[in-house]
Undergrad: 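A single structure is presented below for examination.
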There are 2 protein chains.
Amino acid sequence: MTESAGTGRDAEVVSRFVESFAAQLVEAGMTRMPARVFAALLSSDAGSMTSAELGEQLRISPAAVSGAVRYLAQTHMVSREREPGSRRERYRVHGDQWYEALTNRDAVLKRWEAALREGVTSLGADTPAGRRLSETLAFFEFLEGELLAMMERWRVHREKTFGPEGPQG
Amino acid sequence: MTESAGTGRDAEVVSRFVESFAAQLVEAGMTRMPARVFAALLSSDAGSMTSAELGEQLRISPAAVSGAVRYLAQTHMVSREREPGSRRERYRVHGDQWYEALTNRDAVLKRWEAALREGVTSLGADTPAGRRLSETLAFFEFLEGELLAMMERWRVHREKTFGPEGPQG
DNA sequence: CACTTCTTTCAGAAATTTGTGAAGTTAAGG
DNA sequence: CCTTAACTTCACAAATTTCTGAAAGAAGTG
């Protein structure tokens, strides 16, 4: 048993899950380090870890942690907070916040829509290709609205199931 | 004006849209060649092109077309059909089929769920981390159902807006 | 304001991915 | 069955991405 001092958690079991879940994220298109860091945070009891802890668990350099965290913060999957009275930082999965990040590909959708609108205009709205692009555009606009409504339903469903707090608020 | 013989389409305008839309897809995580091939098919009047046509428009080798098409076919973004009495093949965006491909990350979702279930068990359902994983799992299960319902609503919405055929049904 | 602790940046080594040409395979047409 | 058109596979070169060590940059502390 690889049991780190006093945590009551088998480091190897944790690591096994972290790596296997990260691998799935990678396969779905996420880059490796952000995926591993995110998986580690997700399976930490506190829901947050320091740079040093991440480096140790994942066996990566501070530089790699820094890069991964920057990406995760930009995409709102993780938030950073300063430990008061210390230059140490904690990175945290913020309860529900990251579901939104996952579905809120809003910026992406918007850019696709813009590109498609361009296409409809330049290929001609009355050509077969133009009509196809129009329909695609309509789909994305539909999607955008649906995602919003869906997240609202999830919030309700979640409160019913897990209570207004949820794991680690 | 770069007008290819008799098509009535300005090749350069088409190309400009194809490349810019493909670029957006790439930025969202799709690999370059599949993105370009898909964009080209999407903006073709017929909704389908041959390998040669794709190679010419995108300036890529038959090998590259082959690889891209294999990927697109596997992910059901594009279907392949044989031109009768010829060894030439046509690749086609199949009207509505590809919306489903886009949202039906079903296989991916299922694998994430499996990995999470593993995690809940191995970290302990009654630990803080285990509870967090449980909630994540619940979210994906919720998502799965929602996507299904959403596509049904889209089908209805689409028929109302575009008629039962749609562009190149 | 020096000291220490933590984080970020950066240049480059290492690994991975991508696209090509060339050879191989399949199937239509004579 | 031989020829030829079309697609696929494969090994490799090129481009890109990823991660690291080293150095520089912040930010608390005495």
Side-chain angles (χ1 to χ4, degrees), chain A residues 15 18-19 22-41 44 46 48-75 77-92, chain B residues 15 18-19 22-41 44 46 48-93:
Chain A
S15 179
V18 166
E19 297 304 334
Q24 297 300 330
L25 295 176
V26 168
E27 218 166 316
M30 199 176 195
T31 38
R32 183 177 265 89
M33 284 296 138
R36 294 180 70 205
V37 166
F38 181 71
L41 288 171
S44 68
S48 76
M49 295 172 80
T50 66
S51 175
E53 288 167 345
L54 285 166
E56 184 189 14
Q57 154 139 32
L58 303 173
R59 299 320 201 86
I60 57 180
S61 71
V65 174
S66 173
V69 161
R70 175 173 37 182
Y71 172 82
L72 290 169
Q74 268 174 354
T75 56
M77 304 275 288
V78 154
S79 64
R80 20 185 12 147
E81 31 187 81
R82 228 0 162 345
E83 263 179 356
S86 159
R87 33 225 158 296
R88 197 173 284 152
E89 213 151 14
R90 301 194 68 82
Y91 309 113
R92 141 162 290 130
Chain B
S15 179
V18 166
E19 297 304 335
Q24 297 299 330
L25 296 177
V26 168
E27 218 166 315
M30 198 175 193
T31 36
R32 182 179 264 89
M33 285 295 138
R36 296 180 70 207
V37 166
F38 182 72
L41 289 170
S44 67
S48 75
M49 296 173 79
T50 65
S51 173
E53 288 166 347
L54 285 166
E56 183 189 14
Q57 155 139 32
L58 304 173
R59 299 321 200 85
I60 56 180
S61 70
V65 175
S66 174
V69 161
R70 175 174 35 182
Y71 172 82
L72 291 169
Q74 269 173 353
T75 56
H76 304 121
M77 303 275 289
V78 154
S79 65
R80 18 184 16 148
E81 33 188 80
R82 224 12 165 327
E83 265 180 354
S86 160
R87 36 220 158 294
R88 197 174 286 154
E89 213 150 12
R90 300 196 68 83
Y91 308 113
R92 143 163 286 130
V93 279

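Sequence lines set the chain letters: A, B, ... in the order given, protein chains first and strands last, and positions in each chain run from 1.
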Undergrad: Whole-Å distance between dA6(D) P and E56(B) CD?
TA: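 Roughly 14 Å, once rounded to whole Å.
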Undergrad: Answer with base, sugar-phosphate or nothing: what part of the nucleic acid does T31(A) contact at a heavy-atom distance below 4.0 Å?
TA: sugar-phosphate
Undergrad: Within the 4.0 Å heavy-atom criterion, would you say G85(A) contacts the bases, only the backbone, or no part of the nucleic acid?
TA: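 Answer is sugar-phosphate: G85(A) comes under 4.0 Å of backbone atoms only.
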Undergrad: If you take all heavy atoms of S48(A) and E53(A), which pair is closest and at what distance?
TA: O-OE1, 4.4 Å
Undergrad: Measure from CZ on R59(B) to P on dG21(C) and round the result to the nearest Å.
TA: 13 Å
Undergrad: Would you kindly compare P62(A) and R87(A) by the position of their nearest DNA chain C nucleotide and give the one closer to the 5′ end?
TA: R87(A)
Undergrad: In whole angstroms, how far is the C1' atom of dC6(C) from the CG atom of L54(A)?
TA: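 Answer to the nearest Å: 14 Å.
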Undergrad: Could you tell me whether E81(A) and R90(A) have a side-chain N and a carboxylate O separated by less than 4.0 Å?
TA: no
Undergrad: In this structure, how many angstroms lie between the C1' atom of dA27(D) and the CD atom of E81(A), rounded?
TA: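 Distance, rounded to whole Å: 18 Å.
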Undergrad: Between P on dT16(C) and CD on E27(A), what's the gap in Å once rounded to a whole number?
TA: 15 Å
Undergrad: Picking from dT20(C), dT9(D), dT20(D), which would you name as closest to the side chain of I60(B)?
TA: dT20(C)
Undergrad: With the side chain of S61(A) defined as its heavy atoms from C-beta on, choose the nearest nucleotide among dT20(D), dG21(C), dT9(D).
TA: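 Nearest to the side chain of S61(A) among the choices is dT20(D).
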Undergrad: For dC7(D) and R82(B) - does any side-chain N or O of the residue sit under 4.0 Å from the phosphate oxygens OP1/OP2?
TA: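 So the side chain of R82(B) is outside the cut-off, no N or O lying under 4.0 Å from OP1 or OP2 of dC7(D).
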Undergrad: In whole Å, what is the span from the CZ atom of R90(B) to the P atom of dA6(D)?
TA: 13 Å
Undergrad: Closest heavy-atom contact between M49(B) and S44(B)?
TA: CG-CB, 4.0 Å
Undergrad: Are R32(B) and dT18(C) close enough that a side-chain N or O sits under 4.0 Å from OP1 or OP2?
TA: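 For dT18(C), OP1/OP2 do not have a side-chain N/O of R32(B) under 4.0 Å.
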Undergrad: Output yes when a side-chain donor or acceptor of R32(B) lies under 3.5 Å from a complementary backbone atom of A22(B), and no otherwise.
TA: no
Undergrad: Nearest-Å distance, CD (E83(A)) to C1' (dT7(C))?
TA: 14 Å
Undergrad: Nearest nucleotide by nearest heavy atom, which residue falls closer to the 5' end of DNA chain C, V65(B) or E89(A)?
TA: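 Its nearest nucleotide being more 5', the pick is E89(A).
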Undergrad: If you check every side-chain atom of R70(B), which of dC19(D), dT9(D), dT7(C) has the closest atom?
TA: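 In terms of side-chain proximity for R70(B), the closest of dC19(D), dT9(D), dT7(C) is dT9(D).
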Undergrad: Between L58(B) and V65(B), is there a side-chain heavy-atom distance shorter than 4.5 Å?
TA: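 SC-SC contact between V65(B) and L58(B) ruled out.
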Undergrad: Whole angstrom is fine here: how far is it from OH in Y71(B) over to C1' in dG19(C)?
TA: 17 Å
Undergrad: Of the candidate nucleotides dT9(D), dT8(C), dT9(C), which contains the atom at the shortest distance from the side chain of A63(B)?
TA: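 The answer is dT9(D), which lies nearest to the side chain.
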Undergrad: Looking at every strand, decide which applies to R80(A) at a 4.0 Å heavy-atom threshold: base, sugar-phosphate, or nothing.
TA: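 Answer is sugar-phosphate: R80(A) comes under 4.0 Å of backbone atoms only.
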Undergrad: Reckon S51(B) has a side-chain N or O less than 4.0 Å from the OP1 or OP2 of dC7(D)?
TA: yes
